[in-house]
Amino acid sequence: MGISIFAASNNKEGLFAVNRYEVKNSQDSKDAKGKKSIFAGDFNAQNKNTIELKRKLAYKRAMKILNDTFASEQDIDNSIKGLKEQQEHLKQEALEDKKAAMGVQDERGQLMERYGVTEDSEEHKELELLRKEFQPDTVLTDSEKEQLAGIHKRGLTTYQKDMMELDGKEEVYRQRAAQKESSANAISSSVTDIELERLKTHPVADATREADEIMEAANKELIGGLWAEAKDHVDEKMEEAMEKAEKEAEEKEEEEKKEAERKKEELELKKRIEESKLSASVNASAGQDMPASTPVDTSFDTTEVHDIIQESSSNNSSASKAEKEIQKLVEELNLIMEDLKGAKIDMNA
C-alpha cells in the first residue's frame with residue numbers, strides 16, 4: 001500500500017505523484033470478499049460521513065507531506081538546473097575567449113607583414129627579450145639586463161609597441177577564459193556535492209513511507225470503528241435472538257404442560273368410559289335374572305364427557321385431534337348402550 005513516485009515533477013503540486021490509496025482501498029474491498037466480511041448492519045448516513053471525513057483528512061495530511069517534500073526537492077532540482085545552465089554558459093564564454101586569444105595570433109602575422117618584420121630581424125628579437133622580461137619567475141642574465149636597459153632608454157619601436165599591445169590583449173582573453181573555466185569547475189563541484197548529499201538522505205522515500213503510515217493508521221482506526229459497530233450490532237442481534245429463544249422455550253414448556261394435562265384428561269375419560277362399559281355389562285347380566293317387568297338401566301350420561309371435551313378444547317388450541325378421538329369413544333359407548341337396549345328387548349320377547 002502506498003504512493004508510487006515516478007519522477008520529480010516540475011510542478012510544485014506534485015502532479016507526478018500517482019495516488020494509489022483509492023486503488024488500494026478498492027483492492028482491499030475485493031480481497032475482503034474472498035477472505036472475511038464484517039456485518040455491520042445498515043450504518044446511518046452521519047456515521048458514513050464521519051468515516052469519509054476521517055479518510056479525507058488523513059489523505060489530505062499525507063498528500064501535504066508529499067507535496068511539501070516534492071516542493072523542497074523541486075527547489076533543489078531547480079537550483080541544480082540553474083547552476084548547470086550557468087556552468088554551461090561559463091564554458092561557452094570561456095571557449096569564446098580562447099577563440100579570441102587564438103585570433104590574436106592572426107593579428108600578429110598581419111602586423112609583421114604590415115611592418116615588414118621577420119622573426120630573424122633584430123627588432124623582433126628585442127621584442128622576444130621584452131616579452132621575457134614580463135614573464136613571471138624569469139631569471140635574466142646580466143647581458144640581457146644590460147640590453148633591456150638600452151632598449152628602454154632608446155624607447156620601443158612602433159612595431160614592438162603594437163605587438164606588446166597584442167600580447168596584453170591575448171593575456172586578457174586567456175585570463176578571462178581561465179576564470180570562467182574555474183567558475184564552471186566550481187559549479188560542477190557544488191552540484192556534485194549537492195547530489196551526493198541527497199544520496200545520503202531519502203526525503204521522497206521517507207515522505208512516501210510517512211504518508212503510507214498515516215493512511216495505514218487511518219485505515220486501521222476506521223476498521224476498528226467498523227468492528228466496534230459490527231460487534232455492537234451483533235451483540236444486539238444476539239440479545240434479540242436469546243430473548244426470542246427464551247420466549248419460544250417458555251411457549252414450548254407451556255404447550256407441553258397443556259399436552260400433559262390433555263393426556264391426563266383423556267386417560268381419565270377413557271377410564272370412566274371403561275367403568276361405564278363394565279357397569280353396563282353388569283346391569284345387562286343382572287337383567288337376565290330379573291323379572292321381565294323390572295327395567296334395566298341402559299342409559300349413559302355423556303354430559304360429563306362433553307364437558308371434559310369442551311374444557312380440553314378451551315385449554316388447548318391443538319386439542320381437535322384429541323377431541324375427535326374422545327368423540328369416537330363416546331360414539332362407541334353409545335353403540336354399546338344401543339346393543340344393551342336391543343338385548344333387553346330380546347329378553348322381554
Side-chain angles (χ1 to χ4, degrees), residues 7-12 70-201 203-204:
S9 164
N10 288 330
N11 186 346
K12 290 189 177 182
F70 290 148
S72 177
E73 289 298 295
Q74 192 61 55
D75 288 342
I76 296 175
D77 289 339
N78 291 336
S79 297
I80 292 175
K81 182 180 178 181
L83 288 171
K84 287 184 176 180
E85 290 176 352
Q86 184 180 358
Q87 178 188 23
E88 188 63 27
H89 182 69
L90 287 170
K91 286 182 177 180
Q92 190 65 31
E93 286 188 348
L95 182 62
E96 294 297 328
D97 287 336
K98 286 182 178 180
K99 288 181 179 180
M102 292 176 65
V104 174
Q105 296 292 338
D106 295 334
E107 292 184 38
R108 286 194 181 99
Q110 294 172 5
L111 188 63
M112 289 179 71
E113 288 184 15
R114 188 168 71 245
Y115 285 101
V117 178
T118 62
E119 294 182 353
D120 296 333
S121 65
E122 184 66 26
E123 188 176 7
H124 186 75
K125 289 180 180 179
E126 289 180 352
L127 175 63
E128 293 294 333
L129 183 60
L130 290 169
R131 287 172 175 170
K132 184 177 181 181
E133 182 184 14
F134 290 99
Q135 292 178 357
D137 302 328
T138 300
V139 178
L140 297 172
T141 63
D142 293 339
S143 175
E144 291 174 337
K145 291 178 180 179
E146 184 178 351
Q147 186 178 357
L148 284 171
I151 295 172
H152 288 300
K153 184 177 180 181
R154 184 200 69 203
L156 277 64
T157 66
T158 305
Y159 166 76
Q160 291 173 343
K161 289 180 180 179
D162 290 344
M163 289 295 282
M164 293 292 289
E165 185 178 346
L166 288 178
D167 289 345
K169 183 178 179 180
E170 180 183 9
E171 182 65 21
V172 170
Y173 283 134
R174 292 191 181 280
Q175 287 182 358
R176 286 170 55 181
Q179 290 175 352
K180 290 173 181 177
E181 285 183 340
S182 177
S183 297
N185 291 333
I187 290 174
S188 178
S189 297
S190 298
V191 170
T192 300
D193 291 341
I194 293 172
E195 291 177 343
L196 288 175
E197 190 65 27
R198 293 179 79 180
L199 291 176
K200 295 178 182 179
T201 60
V204 174

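Start at 1 with the first residue, then count along the sequence.
Rounding to the nearest 0.5 angstrom, the gap separating the CD atom in E126 from the CG atom in L148 is 9.0 Å. Between T141 atom OG1 and Q147 atom CD the span is 8.5 Å, to the nearest 0.5 Å. Note: I187 CD1 to H89 NE2 = 10.5 Å, rounded to the nearest 0.5 Å. Interatomic distance, L111 CG to E107 CD, rounded to the nearest 0.5 Å: 9.0 Å. For the atom pair M102 CE and Q105 CD, the distance stands at 8.0 Å (nearest 0.5 Å). Note: K169 NZ to D162 CG = 11.5 Å, rounded to the nearest 0.5 Å.
Identified under the salt bridge (charged side-chain N to carboxylate O under 4.0 Å, His left out) test for residues 93-104, with sequence neighbours left out: E93-K180, D97-R176, D97-K180, K98-E181.
In terms of the side-chain contact (heavy atoms from CB on, under 4.5 Å) criterion, residue partners of L199 (sequence neighbours excluded) are, by chain and number, L196. Listed by chain and residue number, A101, E170 satisfy the side-chain contact (heavy atoms from CB on, under 4.5 Å) test with R174 (two or more places apart in sequence, or in another chain). For the side-chain contact (heavy atoms from CB on, under 4.5 Å) test, residues two or more places apart in sequence or in another chain that qualify with E119 are M112, H124. Applying the ring pair (Phe, Tyr, Trp, His ring centres under 6.0 Å) criterion to Y159, with sequence neighbours excluded, gives Y115. For S189, there are no side-chain contact (heavy atoms from CB on, under 4.5 Å) partners at least two apart in sequence or on another chain.
Shown here is H152, whose NE2 atom has more than 12 heavy atoms of other residues, nucleotides or ligands within 6.0 Å. Within 6.0 Å of the CD atom in E144, the count of heavy atoms belonging to other residues, nucleotides or ligands exceeds 12.
Put simply, the side chain of S182 never gets that close to the backbone of A178: no donor and acceptor are under 3.5 Å apart.
Note on E128 versus R131: salt bridge recorded, some NZ/NE/NH1/NH2 to OD/OE distance being below 4.0 Å.
Contact check for K161 versus E165: no side-chain heavy atoms found under the 4.5 Å cut-off. V117 is not listed as a side-chain neighbour of L127, based on a closest heavy-atom distance of 4.5 Å or more. Looking only at side-chain heavy atoms (C-beta outward), D77 and R198 come within less than 4.5 Å of each other. Counting heavy atoms from C-beta outward, R108 and V104 have side chains that approach closer than 4.5 Å. Taking the side chain as every heavy atom from C-beta outward, E133 and L130 approach each other to under 4.5 Å.
Taking both residues in full, the closest heavy atoms of L90 and A184 are given as CD1-N, 3.9 Å, listed atom of the first, atom of the second, then distance. Closest approach of L140 and K145 over heavy atoms only: O-CE, 3.6 Å.
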From CA spacing to verdict: salt bridge (Lys or Arg N to Asp or Glu O under 4.0 Å), E197, K200:
CA-CA 5 Å; E197 190 65 27; K200 295 178 182 179; 3.7 Å; yes
